[in-house]
*Asks:* 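Sharing a structure here in structure tokens format.
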Amino acid sequence: MALRFFNTYSRELEEFAPRDSSSRKIDMYTCGPTVYSRAHIGNFRAYIFEDLLQRHLEARGYEVHRVMNLTDVDDKTIRGARTARMPLSQFTEQFKDAFFKDCEALRIKPANEYPSATDQRYIDKMIAMISALIDKGLAYQAEDKSVYYRIKSFPNYGKLAHFNLDELQSTGRVKNDEYDKEHIGDFALWKAWDEEDGDVKWNSPWGPGRPGWHIECSAMATDLLGNEIDIHCGGVDNIFPHHEAEIAQSEGVTGKKFVRYWVHCEHLLVDGQKMAKSLGNFYTLSDVLAKGYTGRETRYALLRVNYRKPLNFTWDGMDEARESLGRIDGWLRRLRETAGDKIDNNKIDMQLGQEFENALDDNLNISGALGFLFETIRDTNRAMDRGELDAAQASAWLNWWKRVNQTLDLEPKTESEIPAEVSKLTDERAQARLAKDFRKSDELRDRIAALGWEVRDSKDGQKLTRRAGG
RNA sequence: GGCGGGGUAGCCAAGUGGUAAGGCCGAGGUCUGCAAAACCUCUAUUCGCGGGUUCGAUUCCCGCCCCCGCCUCCA
């Protein structure tokens with residue numbers, strides 16, 4: 001099956017073909033966090049989806065060049081820095097650091113670049129783009145000194161969101177203090193400095209001020225990836241106005257088709273409602289880790305539903321993730337035991353189980369792909385139960401897993417070291433069992449369990465497993 | 001009001017014009033001193049509701065209901 005994705009622009013499933021058909025290189029731009037506080041796991045659902053998308057494209061032989069921006073200047077960052085009595089850059093730095101730590105814990109592959117909006121290189125680019133837009137009559141400076149995009153002059157404005165400009169309704173969420181605009185839909189490209197901004201300002205042909213939110217992405221994307229890019233991702237809430245504005249800005253300047261495939265991730269919900277800082281119903285990764293779950297478990301929980309479906313976050317869902325991973329872990333352990341010295345760690349099997357990738361080809365059908373994984377697990381477990389899977393076959397399935405895991409990245413990183421205390425109790429238990437003292441054996445099993453380890457008795461003696469986590 | 005997403009078992013969730021993958025939970029069984037893990041069996045005559053097309057629809061068409069989101073801060 002051909003690789004295909006749902007393109008927000010056309011509202012259709014489209015077969016994927018890179019811009020440059022002669023090479024395997026793809027340019028991908030992904031909207032990153034605004035670093036005014038910790039990102040919440042709803043934000044990370046989008047980043048994990050993008051990670052899966054990148055990894056699957058790579059599995060299909062594409063070389064992905066991905067950029068993720070960091071919005072480090074806007075109303076919220078400025079307000080936060082003021083409240084914290086810190087320079088803006090120092091204030092945002094802590095949240096950039098936290099963001100990268102969280103990404104690592106969630107095993108999100110790093111982007112090739114993480115440009116910051118406040119980088120002078122991009123401020124210059126933004127100013128150049130705004131100047132070009134003014135020259136073309138697509139932007140104007142209003143009496144409040146700010147520069148706005150003249151959406152009525154860009155015929156395609158509204159095409160991505162499928163909005164009719166005349167029917168835009170104010171939801172009252174944003175305070176309407178920009179009275180100087182020609183059209184209520186005109187958005188700020190350059191915000192004139194005011195007292196609230198303190199020392200946050202850059203010089204421009206229109207006076208001191210700072211960039212509007214949308215222009216940074218147009219500037220960074222075109223600067224780092226070129227005027228035309230293959231894939232642009234984000235959450236569905238970015239469709240309008242953010243991505244609509246990006247198209248207007250980028251295409252307004254370059255005259256080129258900015259993005260070939262717009263791919264948007266649905267929301268993570270809590271109690272059936274969007275997880276959002278403004279609603280206060282959000283969890284950060286730290287919150288989840290504090291409950292005893294791991295980054296790997298969180299990754300699985302956020303990964304397991306197709307990106308186009310709203311996903312309701314629950315602690316039951318986290319438990320399910322834990323149990324499902326436990327099934328995978330147990331299977332891997334067993335395959336390794338069966339494979340013994342036939343294990344070939346350097347090999348990646350490219351033949352077995354193509355159904356996994358085939359499912360992902362279909363608009364990242366992760367449920368179908370995981371379904372196939374679990375069917376494979378049951379089939380091979382059954383074969384091992386019956387002694388019908390030899391070491392070479394077990395090794396082959398491990399090499400298959402290696403391929404699958406390049407996309408999923410769900411393998412426990414390392415088998416935990418067995419603590420001396422656990423080891424000592426296990427030895428005692430072996431003695432007790434030798435003496436058929438089952439009462440003592442069971443008591444020791446409980447004590448080992450209390451230390452977080454599970455002990456199972458097999459033909460080859462006791463087997464220890466770290467309970468949960470990884 | 002406009003534009004989208006969703007409604008499949010107790011929960012999560014695939015999927016197809018021909019009669020419902022997979023995961024979690026639960027019950028029974030094999031194995032075990034007992035467990036655990038694994039395996040086996042069972043768990044939706046039914047896919048929001050009502051029409052229509054069809055030999056046949058959960059899947060296509062029409063109409064409706066409910067939940068969620070976007071409509072200029074948002075992943």
Side-chain angles (χ1 to χ4, degrees), chain A residues 8 11 30-34 36 39-50 71 74-76 151 158 161-171 173-176 178 181 184-188 212-214 233-242 244-245 264-269 272-279 300-301 304-306 308-312 314 316-317 319-327 330-331 333-334 359 362 365-375 377-378 381-386 433 436 438-439 441-442 445 449 454-459 463 465:
Chain A
T8 307
R11 298 279 151 89
T30 49
C31 282
T34 301
Y36 71 106
H40 59 66
I41 56 173
N43 302 127
F44 283 110
R45 183 195 185 188
Y47 308 139
I48 287 173
F49 140 68
E50 289 154 3
T71 300
D74 79 323
D75 290 351
K76 284 173 292 197
I151 61 169
H162 294 217
F163 280 169
N164 179 344
L165 300 188
D166 300 324
E167 290 170 354
L168 288 183
Q169 268 185 16
S170 173
T171 52
R173 287 199 312 177
V174 173
K175 97 183 145 161
N176 196 3
E178 293 164 341
K181 297 190 289 187
I184 54 154
D186 287 353
F187 55 89
W213 173 39
H214 315 300
C233 302
V236 288
D237 49 1
N238 274 161
I239 296 171
F240 195 89
H242 187 53
E244 194 73 63
H264 291 98
C265 180
E266 261 294 340
H267 287 303
L268 186 67
L269 310 177
Q273 285 205 308
K274 173 181 165 182
M275 180 176 289
K277 291 184 181 159
S278 55
L279 294 171
Y300 184 90
R304 62 197 236 274
V305 174
N306 180 260
R308 293 243 302 151
K309 279 207 156 197
L311 168 59
N312 201 21
T314 61
D316 283 349
D319 289 338
E320 183 187 326
R322 169 170 292 177
E323 295 305 321
S324 302
L325 287 171
R327 188 161 163 77
W331 173 66
R333 238 179 275 122
R334 206 171 164 195
D362 185 14
N365 182 354
I366 187 68
S367 301
L370 289 174
F372 177 71
L373 168 64
F374 285 107
E375 281 176 25
I377 288 175
R378 192 186 28 173
N381 271 336
R382 185 195 292 134
M384 284 188 278
D385 272 4
R386 294 175 179 170
R433 295 182 63 72
K436 300 267 187 227
F438 293 119
R439 177 187 289 260
S441 166
D442 291 351
R445 181 165 61 195
E454 184 175 85
V455 61
R456 293 179 288 126
D457 301 305
S458 75
K459 286 194 288 287
K463 295 267 165 68
T465 317

*Asks:* Let me know the distance between NZ of A/Lys274 and P of B/rC67, rounded to the nearest Å.
*Replies:* 19 Å
*Asks:* Starting at the 5' end of nucleotides 4-9 of chain B, put B wherever the base has a protein heavy atom under 4.0 Å, S where only the sugar-phosphate does, and a dash everywhere else.
*Replies:* SSSS--
*Asks:* Please report the C-alpha distance between A/His267 and A/Val236 in whole Å, then the side-chain angles of each, then the deciding distance to 0.1 Å, and finally whether the side-chain contact (heavy atoms from CB on, under 4.5 Å) criterion is met.
*Replies:* CA-CA 7 Å; A/His267 287 303; A/Val236 288; 3.5 Å; yes
*Asks:* Using whole Å, what does the distance between atom C1' of nucleotide B/rA21 and atom CG of A/Asn306 come to?
*Replies:* 15 Å
*Asks:* Between B/rU32 and A/Lys459, is there an OP1 or OP2 to side-chain N/O distance shorter than 4.0 Å?
*Replies:* no
*Asks:* Across the strands shown, which category fits A/Met384 at heavy-atom distances under 4.0 angstrom: base, sugar-phosphate, nothing?
*Replies:* nothing
*Asks:* If we call it a pair only when both distances are under 3.5 Å in a Watson-Crick or G-U wobble match, what pairs with B/rA14?
*Replies:*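 Partner of B/rA14: none.
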*Asks:* Excluding sequence neighbours, so at least two apart, what forms side-chain contact (heavy atoms from CB on, under 4.5 Å) with A/Lys76?
*Replies:*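 In terms of side-chain contact (heavy atoms from CB on, under 4.5 Å), with neighbours along the sequence ignored, A/Lys76 is linked to A/Tyr36, A/Asp74, A/Arg79.
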*Asks:* So, using side-chain contact (heavy atoms from CB on, under 4.5 Å) as the criterion, who are the partners of A/Ser324 when residues are at least two apart?
*Replies:* A/Tyr300, A/Glu320, A/Phe374
*Asks:* Provide the distance between the two P atoms, one in B/rG23 and one in B/rU41, to the nearest whole Å.
*Replies:*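 That atom pair is separated by 12 Å.
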*Asks:* If I take atom NZ in residue A/Lys463 and atom P in nucleotide B/rC31, what distance separates them, rounded to the nearest angstrom?
*Replies:*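 Rounded to whole Å, this separation is 20 Å.
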*Asks:* Could you state the interatomic distance from CZ (A/Phe49) to CG (A/Leu311), rounded to the nearest 0.5 Å?
*Replies:*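 Going from CZ on A/Phe49 over to CG on A/Leu311, the span is 13.5 Å.
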*Asks:* With a 3.5 Å limit on both atom pairs, tell me what B/rA38 is paired to, counting Watson-Crick and G-U wobble, or say none.
*Replies:* B/rU30
*Asks:* Map A/Cys265 and A/Pro241 onto RNA chain B by nearest heavy atom, then report which one ends up closer to the 5' terminus.
*Replies:* A/Pro241
*Asks:* Any base atoms under 4.0 Å from A/Asp442, or only sugar-phosphate, or nothing? Heavy atoms, all strands.
*Replies:*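 Contact class for A/Asp442: base.
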*Asks:* May I ask you to say what A/Gly234 touches in the nucleic acid, namely base, sugar-phosphate or nothing, with a heavy-atom cut-off under 4.0 Å?
*Replies:*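 The residue A/Gly234 makes sugar-phosphate contact but no base contact.
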*Asks:* Considering only atom P, compute the distance from B/rU8 to B/rU59 and round it to an integer number of Å.
*Replies:* 14 Å
*Asks:* To the side chain of A/Asp237, which of B/rG23, B/rC34, B/rC70 is closest?
*Replies:* B/rC70
*Asks:* Rounded to the nearest Å, what distance is computed from the CG atom of residue A/Asp457 to the C1' atom of nucleotide B/rU32?
*Replies:* 8 Å
*Asks:* If you only use heavy atoms from C-beta on, which nucleotide in B/rC40, B/rC68, B/rA13 is closest to the side chain of A/Ser367?
*Replies:*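 Of all the options, the side chain of A/Ser367 is nearest to B/rA13.
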*Asks:* Ignoring the backbone of A/His267, work out which of B/rG69, B/rG23, B/rC34 is nearest its side chain.
*Replies:*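 Nearest nucleotide to the side chain: B/rG69.
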*Asks:* What integer distance in Å separates A/Leu370:CG from B/rA14:P?
*Replies:* 11 Å
*Asks:* Within the pair A/Arg304 and B/rA13, is there a side-chain N or O less than 4.0 Å away from OP1 or OP2?
*Replies:* no
*Asks:* Contact class for A/Arg386 (heavy atom, under 4.0 Å): base, sugar-phosphate, or nothing?
*Replies:* nothing
*Asks:* Evaluate salt bridge (charged side-chain N to carboxylate O under 4.0 Å, His left out) for A/Asp319 paired with A/Arg322, printing each intermediate quantity in order.
*Replies:* CA-CA 5 Å; A/Asp319 289 338; A/Arg322 169 170 292 177; 5.0 Å; no
*Asks:* Check this one for me: any side-chain N or O of A/Asn365 less than 4.0 Å away from OP1 or OP2 of B/rA14?
*Replies:* no
*Asks:* Between A/Phe187 and A/Pro241, is any pair of side-chain heavy atoms under 4.5 Å apart?
*Replies:* no
*Asks:* To check you understand the geometry: which heavy-atom pair defines the closest contact between A/Lys463 and A/Ser458, and what is its length?
*Replies:* NZ-OG, 3.4 Å
*Asks:* Mind checking A/Ile366 for me? I need base, sugar-phosphate or nothing, with any heavy atom below 4.0 Å counting as a touch.
*Replies:*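 No contact.
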*Asks:* Under the 3.5 Å rule, do the base of B/rG22 and the side chain of A/Glu375 count as making a donor-acceptor pair?
*Replies:*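 Answer no: no donor N or O sits under 3.5 Å from an acceptor.
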*Asks:* Check every atom of B/rC68, B/rC40, B/rG23 against the side chain of A/Ser324 and return the nucleotide holding the closest atom.
*Replies:* B/rG23
*Asks:* Nearest to the A/Glu323 side chain among B/rA21, B/rC25, B/rG69, which nucleotide is it?
*Replies:*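 So the nucleotide nearest the side chain must be B/rC25.
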*Asks:* Rounding to an integer number of angstrom, what distance separates B/rG15 and B/rC60 when you compare their P atoms?
*Replies:*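 B/rG15 and B/rC60 have their P atoms separated by 12 Å.
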*Asks:* Using a 4.0 Å heavy-atom cut-off across all strands, classify A/Asp319 as base, sugar-phosphate, or nothing.
*Replies:*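 Nothing, no nucleic acid heavy atom in range.
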*Asks:* Quick check: do A/Thr465 and A/Arg333 have side-chain heavy atoms less than 4.5 Å from each other?
*Replies:* yes
*Asks:* Just by modelled atom types, is the A/Thr8 backbone N or O under 3.5 Å from a matching donor or acceptor in the A/Arg11 side chain?
*Replies:* yes
*Asks:* Distance between the C1' atoms of B/rG52 and B/rC12, in whole angstroms?
*Replies:*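 Looking at atom C1' only, B/rG52 and B/rC12 are 34 Å apart.
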*Asks:* Roughly how far apart, to the nearest Å, are B/rA20 and B/rG26 at atom P?
*Replies:*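 One P to the other, the span is 27 Å.
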*Asks:* Classify A/Ser441 by what it touches in the nucleic acid, base, sugar-phosphate, or nothing, heavy-atom distance under 4.0 Å.
*Replies:*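 Touches a base.
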*Asks:* Take A/Gly272 and A/Ile41, find for each the nucleotide of RNA chain B with the closest heavy atom, and name the residue whose nucleotide sits nearer the 5' end.
*Replies:* A/Gly272
*Asks:* What's the CG-P distance between A/Asp385 and B/rU30, to the nearest Å?
*Replies:*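 Interatomic distance, CG of A/Asp385 to P of B/rU30: 15 Å.
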*Asks:* Under 4.0 angstrom, heavy atoms only, what part of the nucleic acid is A/His40 near: base, sugar-phosphate, or nothing?
*Replies:* base
*Asks:* How many Å lie between CZ on A/Phe163 and P on B/rG2, as a whole number?
*Replies:* 13 Å
*Asks:* Hey, what's the ring geometry for A/His242 with A/His214, parallel, tilted or perpendicular (30° and 60° as the breaks)?
*Replies:* tilted
*Asks:* My understanding is that a pair needs two contacts under 3.5 Å, Watson-Crick or G-U wobble. By that rule, which nucleotide pairs with B/rC3?
*Replies:*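 Paired with B/rC3, as far as the under-3.5 Å criterion goes, is B/rG69.
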*Asks:* Regarding A/Phe438, tell me which of base, sugar-phosphate or nothing describes its non-hydrogen contacts under 4.0 Å with the strands shown.
*Replies:*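 It contacts base atoms.
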*Asks:* Determine: side-chain N/O of A/Arg334 to OP1/OP2 of B/rA38, distance under 4.0 Å, yes or no.
*Replies:* no
*Asks:* Hey, is the side chain of A/Arg327 poking within less than 4.0 Å of OP1 or OP2 on B/rC39, counting only N and O atoms?
*Replies:* yes
*Asks:* Between B/rG69 atom C1' and A/Arg45 atom CZ, what is the distance in whole Å?
*Replies:*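 So the CZ-C1' distance, A/Arg45 to B/rG69, works out to 13 Å.
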